[in-house]
Trainee: 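I'd like to ask some things about the structure below.
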Amino acid sequence: MNQNKNLEQVAIDAAINSNWDEAIKINQEIIKKDKNNLEAYLRLGFAYLQKNNIKKAKSIYQKAKKIQPDNHLIIENLEKIKILESKKINFNQSANLNPYLFLDIPGKTKSVALVNLGQKAILASLSIGQEVNLLIKKRRIEIRTKNKEYIGCLPDDLSKRLIIFIKAGSRFSCIIKEASLKEVIVFLKEEKKGKKVARYASFPLNIQNNLTNINSETNEEKTDEETEEISDIELEKLAESLLTEDKEYFSYENIKEDEEEDYEE
């Protein structure tokens, strides 16, 4: 029993480190000892997907479905595979992920679920760790692949905020953190702060997280740059100052009143 638990942990660690060959080997070993180990089947299917071995992944998920027919994760992955097969799309293979890739830095990073998701064929091809682009379009920020394929867009409130920060000279990177046919979560990170917003946090500070981490070791490693939250009034003033530099730029107040717009996917 302990040996199986050890193997489970080795399999999980292999996946965390994006060592998919090792993950496949260990999960196969677990299944040989326990043919009804659903979690091992799910990990194995996922590992085959990361290796872009669609045929093997499909076979594994079909076996998993016999164990638990109503499992939504199995059903969704089989649907994803069906789309990949019908459209003859290659799954974007995950690179070896840096274990600190999704390290949260208060005020500088944010994980967010996209809205107005794009076509399933595009969503099916996304992989964890995949770099994607931010594109300002009218009053929202779209997220697109390097090939300019539409994935979804940031929620309105975050779009409004980041448009102003970007116009002020800030730069952000965006990476796929989680992806399914129904939900895509991206990890946003401030790569450069504009001079006009140097004193402000790019993302609203999470007070609860700060309280949780107040006694942690990371709390001791404060950055030289102290940041603070920016109020709506201050953000509006900043937008007005930028308006003189960019005639097409929208003020924060006007953006807040913007109506829903259709997207061409």
Trainee: Report yes or no: do Arg43 and Asn27 form a side-chain donor-acceptor pair below 3.5 Å?
Mentor: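 Checked: Arg43/Asn27 side chains pair up, N/O donor to acceptor below 3.5 Å.
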Trainee: Under the side chain to side chain donor-acceptor pair (under 3.5 Å) criterion, do Gln68 and Asn71 qualify, and how do the steps go?
Mentor: CA-CA 6 Å; Gln68 195 173 94; Asn71 186 293; 2.6 Å; yes
Trainee: Looking only at non-hydrogen atoms, find the nearest pair between Ala40 and Ile30 and report the distance.
Mentor: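 Ala40 and Ile30 have their closest heavy atoms at CB-CG2, 3.8 Å.
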Trainee: Do Ile164 and Leu135 belong together in a cluster built from hydrophobic side chains that touch within less than 4.5 Å?
Mentor: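 No; tracing contacts between hydrophobic side chains, which count when under 4.5 Å, never links both residues.
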Trainee: Hey, could you give me the SG/CD1 distance between Cys174 and Ile151, rounded to the nearest 0.5 Å?
Mentor: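 It comes to 7.5 Å.
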Trainee: For the atom pair NZ (Lys182) and CD (Glu76), what is the distance rounded to the nearest 0.5 Å?
Mentor: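 The CD atom of Glu76 is 6.0 Å from NZ of Lys182, to the nearest 0.5 Å.
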Trainee: Identify the heavy atoms of Leu49 and Lys80 that sit nearest to each other, and give their distance.
Mentor: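 Scanning both residues, the minimum pair turns out to be CD1-CD, 4.5 Å.
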Trainee: Supply the atom-to-atom distance Thr145 OG1 to Glu131 CD, rounded to the nearest 0.5 angstrom.
Mentor: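 It is 12.5 Å, given to the nearest 0.5 Å.
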Trainee: Could you point out which residue of Glu190, Lys189, Lys110 forms a side chain to side chain contact (heavy atoms under 4.5 Å, CB included) with Phe172?
Mentor: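 In the set Glu190, Lys189, Lys110, the residue that makes a side chain to side chain contact (heavy atoms under 4.5 Å, CB included) with Phe172 is Glu190.
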Trainee: Mark yes when over 12 heavy atoms from residues, nucleotides or ligands other than Lys146 sit less than 6.0 Å from its NZ; otherwise mark no.
Mentor: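 Yes, the 6.0 Å shell around NZ holds more than 12 heavy atoms from other groups.
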Trainee: Kindly give the heavy-atom pair with the smallest separation between Gly194 and Ser170, and that separation in Å.
Mentor: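 Answer, listing the atom of Gly194 first, then Ser170: N-OG, 3.0 Å.
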Trainee: Can you tell me if Asn116 and Glu142 form a side-chain donor-acceptor pair at under 3.5 Å?
Mentor: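 No pair is found: no donor N or O on one side chain lies under 3.5 Å from an acceptor on the other.
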Trainee: In the single-linkage hydrophobic clustering (I, L, V, M, F, W, Y; side-chain heavy atoms under 4.5 Å), do Val115 and Ile175 co-cluster?
Mentor: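 As far as the 4.5 Å side-chain criterion goes, Ile175 and Val115 are not connected within one cluster.
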Trainee: Which atoms form the tightest heavy-atom contact between Ser125 and Ile122, and what is the distance?
Mentor: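 That would be OG-O, 2.8 Å.
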Trainee: Working to the nearest 0.5 Å, report the span between CD1 of Ile141 and CZ of Arg161.
Mentor: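 Atom-to-atom, Ile141:CD1 and Arg161:CZ are 12.0 Å apart.
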Trainee: Is Tyr150 reachable from Ile185 through a run of I, L, V, M, F, W or Y residues, each pair having side-chain heavy atoms under 4.5 Å apart?
Mentor: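 As far as the 4.5 Å side-chain criterion goes, Tyr150 and Ile185 are not connected within one cluster.
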Trainee: Please round to the nearest 0.5 Å and tell me the distance separating atom CZ of Arg144 and atom SG of Cys153.
Mentor: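 Separation between the atoms: 10.0 Å.
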Trainee: Do Val112 and Val186 come close enough that some side-chain heavy atom pair is under 4.5 Å?
Mentor: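 Side-chain contact under 4.5 Å: yes.
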Trainee: Would Tyr48 end up clustered with Ile67 when hydrophobic side chains under 4.5 Å apart are linked, directly or stepwise?
Mentor: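 Yes.
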Trainee: Using side-chain contact (heavy atoms from CB on, under 4.5 Å), reason through Asn77 and Leu42 one step at a time and then give a plain yes or no.
Mentor: CA-CA 10 Å; Asn77 276 300; Leu42 293 177; 5.7 Å; no
Trainee: Going by an N to O cut-off under 4.0 Å, is there a salt bridge joining Arg171 and Glu191?
Mentor: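 No salt bridge links Arg171 with Glu191.
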Trainee: Heavy atoms only: give me the nearest Phe187-Leu103 pair and the separation to one decimal.
Mentor: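 Shortest heavy-atom contact: CZ-O, 3.4 Å.
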Trainee: Considering all heavy atoms of both residues, which atom of Ile176 and which atom of Ala179 are nearest to each other, and what is their separation?
Mentor: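 Between these two residues, the closest heavy atoms are CG2-CB, 3.9 Å.
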Trainee: With side chains defined as the heavy atoms from C-beta onward, is the minimum distance between Leu114 and Glu183 less than 4.5 Å?
Mentor: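 Counting from C-beta outward, Leu114 and Glu183 never come under 4.5 Å.
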Trainee: Does a side chain donor of either Lys177 or Ser111 reach within less than 3.5 Å of an acceptor in the other side chain?
Mentor: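 A pair is found: one side chain offers a donor N or O, the other an acceptor, under 3.5 Å apart.
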Trainee: Distance-only check: which donor-acceptor pairs under 3.5 Å involve side-chain atoms of residues 57-65, not counting sequence neighbours?
Mentor:
residue : atom : partner : partner atom : Å
Lys58   : NZ   : Glu85   : OE1          : 3.4
Tyr61   : OH   : Phe46   : N            : 3.2

Trainee: In Å, rounded to the nearest 0.5 Å, how long is the span from CG of Leu126 to CD1 of Ile143?
Mentor: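 Going from CG on Leu126 over to CD1 on Ile143, the span is 11.0 Å.
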Trainee: Examine Phe165 together with Phe203 and report whether their ring centres are nearer than 6.0 Å.
Mentor: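 They do not qualify: ring centres at least 6.0 Å apart.
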Trainee: Is there a side-chain contact (heavy atoms from CB on, under 4.5 Å) between Ser202 and Lys193? Walk through the geometry before answering.
Mentor: CA-CA 8 Å; Ser202 291; Lys193 189 183 288 293; 3.7 Å; yes
Trainee: Hey, quick one: are Leu73 and Ile75 part of the same hydrophobic cluster, counting side-chain heavy atoms closer than 4.5 Å, chains of contacts allowed?
Mentor: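 Different clusters.
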Trainee: Tell me whether Lys51 is salt-bridged to Asp21, with the criterion being a basic N under 4.0 Å from an acidic carboxylate O.
Mentor: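 Judged by the 4.0 Å cut-off on N to carboxylate O distance, Lys51 and Asp21 do form a salt bridge.
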